[in-house]
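For reference, the structure is listed below as structure tokens.
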Amino acid sequence: LAGTKGIATGGSALNLVTADLDLTGGRTLNSTAGKITITESNGDGIGLGTALGAGSVLDLADAELANVTSGDLELISAGKITVNGVTAGNTANIAGTTTLDGGGEIEFSTGASVFTNALTVEADDVADLQQDVTTNAGNLAIDGDANDADDGGADNVAIANGVTLAAGSALSLDAGANGDLVGAGTVTLNAASGVTISDSMTTGNNLTVDADSDASGNDGTFTVVAGKTVAVTGAFGVTANDVDLSGALSATAASTITDSD
């Protein structure tokens, strides 16, 4: 976009295919309540939250996100998507769900990220969570094998030691047909409207879950789906309005389940 120009659709969807995007200097994208889809055209990847500047990736800095007004926002690349230090204030104009759709790995690195509304992470080959990820409102859904295909990688949701995942509504973790949920150490999962574990999970240390973090309503259920296991090295502490253990939950140390009401 030249100068301080912008694109406004008056509520219609906006689809952009581009190798890079510059939303500095007053440049804006505005679809009101319509969806904006940005597809990185070369498969080189996307850097989101800071201007990562690695090679020829499409960089969309945190400050540039403040210049995007939309219902939903979807970012697509056949390459790696790296997220670093996204802030709630700069995502406040995205009223719906931000979706990250990566044909390879999606990595949350260096700095914690906070989204004002919902976030969906769809990695075809590993969702690597090195930092805390939070949605202040709306769901947080993370899938490490979104295409349900063996891409030659781990296809896991990998959670670094000490990381907290927190959702303003529901939190779900999924590793598709080929992956697992792997916590390197201590893991904390918080959500106002329930936590769902859709694939087998292991942790290298304690697991803390608050599936009813706002302690209101009847939707704060901790669920392990049928046929899946959560195996904790250490203790688990689960707080929830209800527990659905259609799958299995185990620990190597004394553990607790607490009624949030």
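In this structure, V243 is a member of the same hydrophobic cluster as L173, with clusters built from ILVMFWY side-chain heavy atoms closer than 4.5 Å. L48 and I76 are not part of a single hydrophobic cluster, where members link through side-chain heavy atoms under 4.5 Å apart. Taken together through direct or relayed side-chain contacts under 4.5 Å among Ile, Leu, Val, Met, Phe, Trp and Tyr, V68 and L14 form part of one hydrophobic cluster. Hydrophobic cluster membership is shared by V232 and V157, with clusters built from Ile, Leu, Val, Met, Phe, Trp and Tyr side chains linked at under 4.5 angstrom.
For the side-chain contact (heavy atoms from CB on, under 4.5 Å) with L189, the lone residue among V238, I197, L140 that qualifies is I197.
No donor-acceptor pair closer than 3.5 Å links the side chain of T39 to the backbone N or O of S41. No donor-acceptor pair closer than 3.5 Å links the side chain of T18 to the backbone N or O of L21. Checking side-chain atoms of D180 against main-chain N and O of V182 turns up no donor-acceptor pair under 3.5 Å. Under the 3.5 Å distance criterion, the side-chain polar atoms of D44 are left unmatched by any main-chain donor or acceptor of G79. Side-chain N or O atoms of D155 include none that pairs as donor or acceptor with a backbone N or O of D145 at under 3.5 Å. The closest donor-acceptor contact from the side chain of S200 to the backbone of T229 lies under 3.5 Å. Side-chain atoms of D62 do not come within 3.5 Å of backbone N or O of V86 as any donor-acceptor pair. Remark: the backbone N or O of T203 is paired with a side-chain donor or acceptor of T233 at under 3.5 angstrom. Side-chain N or O atoms of N139 include none that pairs as donor or acceptor with a backbone N or O of A118 at under 3.5 Å. Side-chain atoms of D20 come within 3.5 Å of backbone N or O of D59 as a donor-acceptor pair.
Minimum interatomic distance between S113 and G85 (heavy atoms only, all atoms of both residues): OG-N, 3.3 Å. The two residues D212 and S260 come nearest to each other via the heavy atoms OD2-OG, 2.6 Å. Smallest separation of non-hydrogen atoms from S31 and S12: CB-O, 3.5 Å. Heavy-atom minimum distance, G11 versus T32: N-OG1, 3.7 Å. Shortest non-hydrogen contact noted between A192 and G168 is CB-O, 3.2 Å. In terms of heavy atoms, V57 sits closest to I46 at CB-N, 4.3 Å.
With contacts defined as side-chain heavy-atom distances shorter than 4.5 Å, the pair L23/L60 qualifies. Between I38 and L58 the shortest side-chain heavy-atom distance falls below 4.5 Å. The side-chain heavy atoms of T91 and T98, taken from C-beta on, include no pair separated by under 4.5 Å. Under the 4.5 Å side-chain criterion, counting only non-hydrogen atoms from C-beta, N136 is in contact with V114. Taking 4.5 Å as the limit, every side-chain heavy atom of V121 sits out of range of all side-chain heavy atoms of I81. Here the side chains of L100 and F108 are in contact, with some heavy-atom distance below 4.5 Å. Counting only heavy atoms from C-beta outward, the side chains of Q130 and V163 never approach each other to under 4.5 Å. Residues R27 and I7 fail the side-chain proximity criterion, which asks for heavy atoms closer than 4.5 Å.
Atoms OG1 and CG, on T223 and L249 in that order, are 12.0 Å from each other to the nearest 0.5 Å. Taking CG of N190 as the start and CG of D214 as the end, the distance is 11.5 Å to the nearest 0.5 Å. T120 contributes atom OG1, which lies 6.0 Å from atom CD of E122 (distance to the nearest 0.5 angstrom). Expressed to the nearest 0.5 Å, how far CD of E105 lies from OG1 of T82 amounts to 7.0 Å. For the atom pair T9 OG1 and L29 CG, the distance stands at 9.5 Å (nearest 0.5 Å). Here the CG-OG1 distance, from L73 to T37, works out to 8.0 Å after rounding to the nearest 0.5 Å.
T99 and D101 share no side-chain donor-acceptor pair at under 3.5 Å. A donor-acceptor pair shorter than 3.5 Å cannot be found between the side chains of T239 and D210. A donor-acceptor contact closer than 3.5 angstrom links the side chains of D219 and S193.
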Determine, stepwise, if the pair S246 / V225 fulfils side chain to side chain contact (heavy atoms under 4.5 Å, CB included).
-> CA-CA 5 Å; S246 296; V225 304; 5.8 Å; no
Side chain to side chain contact (heavy atoms under 4.5 Å, CB included) between I257 and F222, intermediate numbers included = CA-CA 10 Å; I257 297 177; F222 174 61; over 6 Å; no
Could you walk me through whether D199 and K228 pass the side chain to side chain contact (heavy atoms under 4.5 Å, CB included) check?
-> CA-CA 6 Å; D199 272 289; K228 306 302 179 180; 3.4 Å; yes
Let me see the working for D261 and N241 under side chain to side chain contact (heavy atoms under 4.5 Å, CB included), right down to the final yes or no.
-> CA-CA 6 Å; D261 295 334; N241 179 68; 2.4 Å; yes
